[in-house]
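Report on the structure given below.
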Amino acid sequence: NAGVMQNPRHLVRRRGQEARLRCSPMKGHSHVYWYRQLPEEGLKFMVYLQKENIIDESGMPKERFSAEFPKEGPSILRIQQVVRGDSAAYFCASSTRGGDTGELFFGEGSRLTVL
Amino acid sequence: GENVGLHLPTLSVQEGDNSIINCAYSNSASDYFIWYKQESGKGPQFIIDIRSNMDKRQGQRVTVLLNKTVKHLSLQIAATQPGDSAVYFCADRIDAGGTSYGKLTFGQGTILTVHP
């Protein structure tokens, strides 16, 4: 059973370009979370999605960031007009259900570097 | 506000010793706590969890202790091995009125180094 798959693992963008990060949850998981990790810091919650629905985006920056989890295909975290401060590791996690525990299974992360 | 932090940023131990990693949290509404292990270049890996209605939970070589009175959480690793070297994060979740889900607040992390 494959785990949470994220790609690309590493992405380099120049300031002003767009970054698209993809996440395929574990088989049977319909709940997806995105977290951001700055160097030498803990992970920070960004957004929680179910299929075709954004449940909680309280951790998402108001501008330039968006996320989706379509009926078919992976979840996408999109960052428009990237700036150097967006350089970080972005982790996706999935679970079988949203309420009451259920372990979160994290992917290996996508490391974005903005030049 | 939400805050989960660690007392010690680094911990060095000898192989075979027991390790104790500490964590403090500030929100009394937190109802669920998790310890994660993160190796270099990888995602967090679940170690053990505990609910707020418990004060101790044991796993294989690991024990988590929860002291709600002082809002303190600890992870004990028995007979620490070189493969345990990693960054350890505590995380908590706040009960959102029955709609809790995987929105976790992570601490900064403790670097555990195990010397052979």
Side-chain angles (χ1 to χ4, degrees), chain A residues 2-7 9-10 21 23-26 29-50 53-60 69 75 88-111 113, chain B residues 1-7 9-10 21 23-27 30-54 57 59 64 73 86-111:
Chain A
V4 177
M5 304 301 292
Q6 291 189 246
N7 69 82
R9 292 294 311 278
H10 300 275
L21 310 177
C23 170
S24 295
M26 285 183 70
H29 288 194
S30 60
H31 301 263
V32 166
Y33 309 81
W34 285 93
Y35 283 79
R36 176 165 62 176
Q37 185 177 33
L38 296 173
E40 298 186 2
E41 291 190 10
L43 283 71
K44 298 285 195 295
F45 170 82
M46 298 182 75
V47 62
Y48 164 41
L49 310 105
Q50 294 177 25
N53 282 303
I54 297 174
I55 308 302
D56 182 343
E57 55 181 348
S58 59
M60 289 277 274
F69 189 17
S75 175
Y90 292 84
F91 289 96
C92 172
S94 71
S95 67
T96 54
R97 57 190 183 276
D100 196 32
T101 190
E103 292 177 24
L104 289 188
F105 292 86
F106 281 86
E108 300 282 78
S110 291
R111 282 151 183 83
T113 301
Chain B
E2 300 170 9
N3 181 33
V4 179
L6 301 176
H7 296 303
T10 62
I21 301 172
C23 178
Y25 65 96
S26 61
N27 199 318
S30 296
D31 70 329
Y32 178 59
F33 305 85
I34 312 175
W35 280 100
Y36 285 96
K37 172 186 180 183
Q38 186 177 29
E39 296 174 296
S40 181
K42 295 189 176 181
Q45 178 186 357
F46 173 91
I47 300 174
I48 191 168
D49 60 358
I50 188 168
R51 295 186 174 280
S52 59
N53 60 355
M54 303 170 66
R57 190 160 188 231
V64 55
L73 190 69
V87 180
Y88 288 81
F89 293 95
C90 63
D92 79 321
R93 183 191 69 189
I94 295 173
D95 183 4
T99 60
S100 298
Y101 45 83
K103 180 180 179 180
L104 301 175
T105 300
F106 281 77
Q108 284 188 310
T110 292
I111 301 171

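The basis for the numbers below is simple: all heavy atoms, side chains too, and nothing from hydrogens, waters or symmetry mates. Lettering follows sequence order; numbering is per chain, from 1.
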**Region of B/Gln45 in contact with chain A, defined by heavy-atom distances below 4.5 Å** = neither
**Item:** Minimum side-chain heavy-atom gap A/Leu43-B/Tyr36 below 4.5 Å
**Value:** no
**Message:** Using every non-hydrogen atom in the two residues, find where A/Phe45 and B/Leu104 come nearest and quote the distance to one decimal.
**Reply:** CB-O, 4.0 Å
**Complete:** So, the part of A/Gln37 with a heavy atom under 4.5 Å from chain B: the answer is side chain
**Complete:** What one should report as the nearest heavy-atom pair of A/Glu108 and B/Gly43 is OE1-N, 3.5 Å
**Asked** Considering only heavy atoms, which portion of A/Phe105 lies under 4.5 Å from any heavy atom of chain B: side chain, backbone, both, or neither?
**Response** neither
**Asked** Does A/Met5 CE have over 12 foreign heavy atoms under 6.0 Å away?
**Response** no
**Complete:** Interatomic distance, CZ@A/Phe91 vs NZ@B/Lys42, rounded to 0.5 Å, equals 12.0 Å
